[in-house]
Amino acid sequence: MKLRALVRDLYGIDQPQGCTEEEIAAVREKFGTLPAVVEDFWRTFGRTPRLSYVQDDWMFPAFYEKWGWPKRLKDLSLLCENQYVYEAAVLQKDLSLPDPPVYIRPAADEGPWQLSSPTVSEFLEAALLYEAVWQLDHEPGEFYWLTEKELAVVQDKLTKSPAVLKNWFVSEITFYSNRPDNLVVIMDMEDGMYQASYGGATQESFDALMEVMEGLGEPI
């Protein structure tokens, strides 16, 4: 999925606002080098207000400036959980790669890094999908527990996105839909239980999703 189409369909943003070359250059100077894919993401979306006020914090150049520059910059943070529980980053050793892997760790205690995605491109798609479900205008107002049998219904009747978000709270988060402007997020809680959240950008897209989701799961 192209990121512009994803942001248009799920966030309702037709004209994203990007960072200036000067803002990107300031971060590049601090780190010495930046992955080309990260620069392109910032250049396209880095000053888009709706992306700056989602569930978690995208680490656009403005956030680095707001937080103040650490004395020793190492890994390039891309996304931080809103209470700084988890952090996704490109490691210092990979910064010169055009589209490097992304790692996630428990941020508060600087726990060990775990691979989330083999490329920034894949991570960005998965993370944008995950963040989208928190701000969809039409949603049931609850999260649900799904059994393996109920998950099989979702998998059979909805289209699974190739994007996967790994090691963000749980081992794996996957995404399903039957229209570009609706979304089901499935968190694998292990032991045969799954947490689901879902919604649509419009009432029509939400109703289309409910043709599948109606009656599935128990409210959490």
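Scope of the values below: all heavy atoms of this structure, side chains included, with no hydrogens, waters or symmetry mates.
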Subject >> Separation between CG of Asp181 and NE2 of His138, rounded to the nearest 0.5 Å >> reply: 10.0 Å
Subject >> Side-chain heavy atoms of Met59 within contact of Cys80, under 4.5 Å >> reply: yes
**OP:** Working to the nearest 0.5 Å, report the span between CG of Leu51 and CD of Gln135.
**Re:** 8.5 Å
Subject >> Centroid separation Tyr130 to Phe175 less than 6.0 Å >> reply: no
**OP:** Check whether Tyr84 and Trp113 end up in the same hydrophobic cluster, where Ile, Leu, Val, Met, Phe, Trp and Tyr are linked by side-chain heavy atoms less than 4.5 Å apart.
**Re:** no
Subject >> Side-chain donor/acceptor of Ser117 to backbone N/O of Val120, under 3.5 Å >> reply: no
Subject >> Working for side chain to side chain contact (heavy atoms under 4.5 Å, CB included), residues Asp75 and Val90 >> reply: CA-CA 6 Å; Asp75 308 308; Val90 176; over 6 Å; no
Original post:
Are side-chain heavy atoms of Ser52 and Phe60 found at a separation under 4.5 Å?
Top reply: yes
Original post:
Where do Pro101 and Leu97 come nearest, in terms of heavy atoms and distance?
Top reply: CD-CD1, 4.3 Å
**OP:** Check Gln83 against Glu81 and note the closest heavy-atom contact, atom names and distance.
**Re:** N-OE1, 2.8 Å
Original post:
Do Leu78 and Val102 pass the side chain to side chain contact (heavy atoms under 4.5 Å, CB included) test, and can you show the C-alpha distance, the side-chain angles, and the key distance before you say yes or no?
Top reply: CA-CA 9 Å; Leu78 300 178; Val102 175; 3.9 Å; yes
Original post:
Does the side chain of Tyr103 reach to within under 4.5 Å of the side chain of Asp94, using non-hydrogen atoms?
Top reply: yes
Subject >> Minimum side-chain heavy-atom gap Ile173-Val164 below 4.5 Å >> reply: no
Subject >> Hydrophobic cluster membership, Tyr86 vs Trp134, 4.5 Å side-chain cutoff >> reply: yes
Original post:
Would you say Glu150's side chain and Gly217's backbone share a donor-acceptor pair under 3.5 angstrom?
Top reply: yes
**OP:** Apply salt bridge (Lys or Arg N to Asp or Glu O under 4.0 Å) to Arg43 and list each qualifying residue two or more places apart in sequence or on a separate chain.
**Re:** Glu21, Glu39, Asp40
Original post:
Are Leu91 and Phe31 joined in one hydrophobic group, where the rule is that I, L, V, M, F, W and Y side chains link up if heavy atoms are under 4.5 Å apart?
Top reply: no
Original post:
Under 3.5 Å, is there a donor-acceptor pair between the side chain of Glu23 and the main chain of Thr20?
Top reply: yes
**OP:** Compare all side-chain heavy atoms of Leu79 with those of Glu131 and state whether any distance is below 4.5 angstrom.
**Re:** yes
Subject >> Taking every non-hydrogen atom, the tightest pair across Ala107 and Glu87 >> reply: CB-CB, 3.8 Å
Original post:
By side-chain hydrogen bond (donor to acceptor under 3.5 Å, both in side chains), which residues pair with Arg8, not counting sequence neighbours?
Top reply: none
Original post:
Is there a donor-acceptor pair under 3.5 Å between the side chain of Asn182 and the backbone N or O of Ser205?
Top reply: yes
Original post:
Counting distance only, does the side-chain N/O of Asp99 pair as donor-acceptor with the main-chain N or O of Pro35 below 3.5 Å?
Top reply: no
**OP:** State whether the number of non-hydrogen atoms from other residues, nucleotides or ligands found under 6.0 Å of Arg28 atom CZ is greater than 12.
**Re:** yes
Subject >> Heavy-atom pair of closest approach, residues Ala89 and Ser77 >> reply: CB-CA, 3.9 Å
**OP:** Please step through salt bridge (charged side-chain N to carboxylate O under 4.0 Å, His left out) for the pair Asp14 and Arg50, ending with a clear verdict.
**Re:** CA-CA 12 Å; Asp14 289 315; Arg50 192 161 187 177; over 6 Å; no
**OP:** Could you list the residues that satisfy side-chain hydrogen bond (donor to acceptor under 3.5 Å, both in side chains) with Glu204, not counting sequence neighbours?
**Re:** Arg179
Original post:
side chain to side chain contact (heavy atoms under 4.5 Å, CB included) between Thr159 and Asn178: does it pass, once the steps are laid out?
Top reply: CA-CA 6 Å; Thr159 300; Asn178 59 6; 6.0 Å; no
Subject >> Flag side-chain contact, heavy atom, 4.5 Å: Lys160 against Thr174 >> reply: yes
Original post:
With a 3.5 Å cut-off and no angle check, do the side chains of Gln17 and Thr48 form a donor-acceptor pair?
Top reply: no
Original post:
Any idea which heavy atoms bring Lys166 and Ser116 closest together, and the distance?
Top reply: O-OG, 2.9 Å
Original post:
With a cutoff of under 4.5 Å between side-chain heavy atoms, which Ile, Leu, Val, Met, Phe, Trp and Tyr residues group with Tyr144?
Top reply: Leu146, Leu151, Val153, Val154, Leu158, Tyr176, Val184, Ile186, Tyr194, Tyr198, Phe206, Leu209, Met210, Val212, Met213, Leu216
Original post:
Are Ile13 and Leu124 grouped together when hydrophobic residues (ILVMFWY) are joined by side-chain heavy atoms under 4.5 angstrom apart?
Top reply: yes
Original post:
Would one find more than 12 heavy atoms of other residues, nucleotides or ligands at under 6.0 Å from atom CD of Glu29?
Top reply: no
Original post:
Do Phe63 and Leu76 belong together in a cluster built from hydrophobic side chains that touch within less than 4.5 Å?
Top reply: yes
**OP:** Could you tell me which residues satisfy salt bridge (Lys or Arg N to Asp or Glu O under 4.0 Å) with Asp207, sequence neighbours excluded, listed by chain and number?
**Re:** none
Original post:
Just wondering, do Pro98 and Val37 contact through their side chains at under 4.5 Å, heavy atoms?
Top reply: no
Subject >> side-chain contact (heavy atoms from CB on, under 4.5 Å) involving Glu190 - partner list, sequence neighbours excluded >> reply: Ser171, Asp188
Original post:
Is it true that a side-chain atom of Asp56 and a backbone atom of Asn82 form a donor plus acceptor pair closer than 3.5 Å?
Top reply: yes
Original post:
So, for Trp145 and Met189, which heavy atoms are closest and what is the spacing to 0.1 Å?
Top reply: CZ3-CG, 3.5 Å
**OP:** State whether a side-chain donor-acceptor pair under 3.5 Å links Arg105 with Gln114.
**Re:** no
**OP:** Decide if the gap between the ring center of Phe41 and the ring center of Trp58 is smaller than 6.0 angstrom.
**Re:** yes
**OP:** Compare all side-chain heavy atoms of Arg4 with those of Phe45 and state whether any distance is below 4.5 angstrom.
**Re:** yes
